[in-house]
Amino acid sequence: MPELPEVETIRRALIKNILHKKIKDVEIFSPKQFHGDITRVGGAKITGLRRKGKVLYLELANGLYLNFHLKMSGELLFGKKRNVTLKEYLPRTGTKSLPNKHTRIILNFDDGSALFFNDLRLFGWIKLTNKPAVPGGVDVLSKEFTAPYLLTVGRSTTRPIKILLMDQEKIAGIGNIYANDSLWEAKINPLRKAKTLTEVEINNLYKAIKKIIAEAIKYKGSSAQDEMYVMPDGQKGKYQNHFRVYHRTGKPCFRDKKIIVAIRMSGRGTFYCPTCQI
DNA sequence: CTGCGGTCCTGAAGGC
DNA sequence: TGCCTTCAGGACCGCA
């Protein structure tokens with residue numbers, strides 16, 4: 001599922017492709033996934049491409065914002081539109097021919113190129129708004145995200161630390177993969193109540209988050225088996241080859257060789273080493 | 001405030 | 001082989 005590293009990778013790739021281009025028109029095949037006045041998109045020039053948390057948004061010259069949330073299975077692919085008519089004959093996935101079976105919305109640019117919003121599970125969305133449709137939490141890559149900030153939000157709740165890390169209204173950008181791996185890196189059990197973490201543990205966790213997120217960006221995100229994420233050119237990320245605990249149930253911990261266990265927290269898979277994460 | 005369960009969806013995987 | 005059930009999950013919502 002695209003989290004901060006994946007969305008940031010997409011942003012950096014797309015900025016080269018679509019900045020300063022003019023949107024010719026929008027094709028919507030999945031009406032539930034587009035929110036806003038579509039008549040105000042055509043003709044708009046893209047003046048910026050930004051991100052907060054997991055939300056990517058285009059700044060348009062008409063003062064509006066076109067926001068994207070990929071949720072679990074969204075993809076943003078850049079390419080040239082192929083001449084296809086029958087949906088049944090579309091390939092299931094891939095960039096060799098676009099659109100494909102999972103294409104929900106297409107932004108056509110006036111130079112003949114296009115941006116394809118693909119989404120198998122239909123949970124993602126595109127919104128046209130007056131101001132960026134972004135979460136309220138502090139973005140992990142922003143200068144406001146500091147160890148003292150993490151200490152403040154940690155002290156403010158009795159919720160488990162893993163749930164706090166994934167709360168987009170407190171910290172924006174961390175999802176299930178990087179919450180699990182950051183907690184392993186910091187040797188902290190995901191079930192620990194946030195309030196009970198010491199200042200030393202918070203500092204370690206802060207450093208762990210910055211390290212894991214930077215490494216994930218370096219490897220251009222995670223494209224694990226059931227993760228749909230790919231870059232705008234269709235290439236996969238490589239952080240899945242560096243998972244600490246995520247999807248490593250039953251395998252030995254890289255620190256103490258004990259077996260990684262899986263539990264569920266708030267309906268989400270949670271992976272940790274029961275001996276070295278305390 | 002907190003947790004819990006349901007909801008949105010498709011398709012892979014597992015059971016028989 | 002094939003049908004049926006289960007499961008995965010980010011954000012949101014109603015409820016206790």
Side-chain angles (χ1 to χ4, degrees), chain A residues 1-8 10 28-35 51-57 67-76 87-88 90-94 99-105 116-127 129 132-137 139-140 152-182 190-197 213 216 221-230 236 240 243 245-250 261-271:
Chain A
M1 70 247 39
E3 303 178 28
L4 187 155
E6 289 77 21
V7 179
E8 179 63 17
I10 291 169
I28 299 176
F29 309 108
S30 176
K32 285 169 83 171
Q33 294 184 272
F34 188 92
H35 307 260
R51 178 197 58 77
K52 187 181 181 194
K54 305 173 194 173
V55 174
L56 183 73
Y57 60 96
N67 309 270
F68 300 79
H69 199 312
L70 303 176
K71 292 291 183 85
M72 268 91 70
S73 57
E75 301 174 343
L76 282 172
K87 267 205 129 176
E88 307 87 276
L90 294 179
R92 215 168 55 74
T93 54
N100 67 32
K101 191 186 171 190
H102 297 137
T103 299
R104 313 302 182 193
I105 295 168
F116 300 82
F117 175 65
N118 289 5
D119 189 10
L120 184 152
R121 289 188 174 81
L122 313 184
F123 286 4
W125 46 250
I126 300 181
K127 287 180 189 172
T129 54
V134 294
D139 186 88
V140 170
T152 303
V153 293
R155 290 274 158 87
S156 72
T157 181
T158 60
R159 301 160 83 197
I161 183 62
K162 185 191 175 216
I163 304 299
L164 173 65
L165 292 184
M166 292 169 66
D167 184 345
Q168 304 301 306
E169 293 303 309
K170 296 289 197 307
I171 302 161
I174 301 176
N176 202 30
I177 294 174
Y178 302 111
N180 277 298
D181 272 18
S182 296
L191 292 160
R192 283 276 298 282
K193 303 273 187 193
K195 240 181 197 173
T196 69
L197 297 184
I213 294 292
S222 308
S223 302
Q225 256 184 348
D226 59 338
E227 321 294 340
M228 306 295 293
Y229 160 77
V230 288
K236 295 181 173 194
Q240 67 275 13
F243 284 158
V245 286
Y246 186 76
H247 277 189
R248 294 197 66 249
T249 315
V261 300
I263 59 169
R264 294 193 77 74
M265 291 180 69
S266 293
R268 284 171 206 118
T270 300
F271 309 87

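So that the names make sense, note that chain A is the first sequence line, chain B the second, and so on, each numbered from 1.
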> Using Watson-Crick and G-U wobble pairs whose two distances are both under 3.5 Å, how do you write the pairing of DNA chain C as dot-bracket, with | for links to another strand?
Replying inline: .|||||||||||||||
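For K52(A), the side chain to side chain contact (heavy atoms under 4.5 Å, CB included) partners are V134(A), D139(A), not counting sequence neighbours. Every residue meeting the ring pair (Phe, Tyr, Trp, His ring centres under 6.0 Å) condition with F271(A), not counting sequence neighbours, appears here in chain and number order: Y246(A), H247(A).
Taking both residues in full, the closest heavy atoms of A194(A) and L164(A) are given as CB-CD2, 4.0 Å, listed atom of the first, atom of the second, then distance. In terms of heavy-atom proximity, A179(A) sits nearest to M166(A) at CB-CG, 3.8 Å. Residues P160(A) and P190(A) share a closest heavy-atom pair of CB-O, 3.7 Å.
Listed by residue number, T157(A), T158(A), R159(A), P160(A) are the residues of residues 157-173 of chain A with a heavy-atom contact under 4.0 Å to DNA chain B.
Contact between the side-chain N/O atoms of H69(A) and the OP1/OP2 oxygens of dA11(C) is found at a separation under 4.0 Å. An OP1 or OP2 oxygen of dC7(C) is reached within less than 4.0 angstrom by no side-chain nitrogen or oxygen of R264(A).
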>> Using side-chain hydrogen bond (donor to acceptor under 3.5 Å, both in side chains), reason through E6(A) and Y178(A) one step at a time and then give a plain yes or no.
In response: CA-CA 11 Å; E6(A) 289 77 21; Y178(A) 302 111; 2.6 Å; yes
Show each protein N/O and nucleotides 7-10 of chain B N/O combination with a separation under 3.5 Å, one pair to a line.
| from | atom 1 | to | atom 2 | distance (Å) |
| --- | --- | --- | --- | --- |
| dC9(B) | OP1 | K32(A) | NZ | 2.0 |
| dT10(B) | O2 | R121(A) | NE | 3.3 |

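Following rounding to the nearest Å, K71(A) (NZ) and dA8(C) (C1') show an atom-to-atom distance of 15 Å. Remark: P of dC12(C) and NE2 of H35(A) are 11 Å apart, rounded to the nearest angstrom.
Among pairs with a residue in residues 161-182 of chain A, those fulfilling salt bridge (Lys or Arg N to Asp or Glu O under 4.0 Å) read R159(A)-D167(A), D167(A)-K170(A), at least two apart in sequence or across chains.
Judged by closest nucleotide on DNA chain C, G269(A) is the one of G269(A) and K127(A) placed further toward the 5' end.
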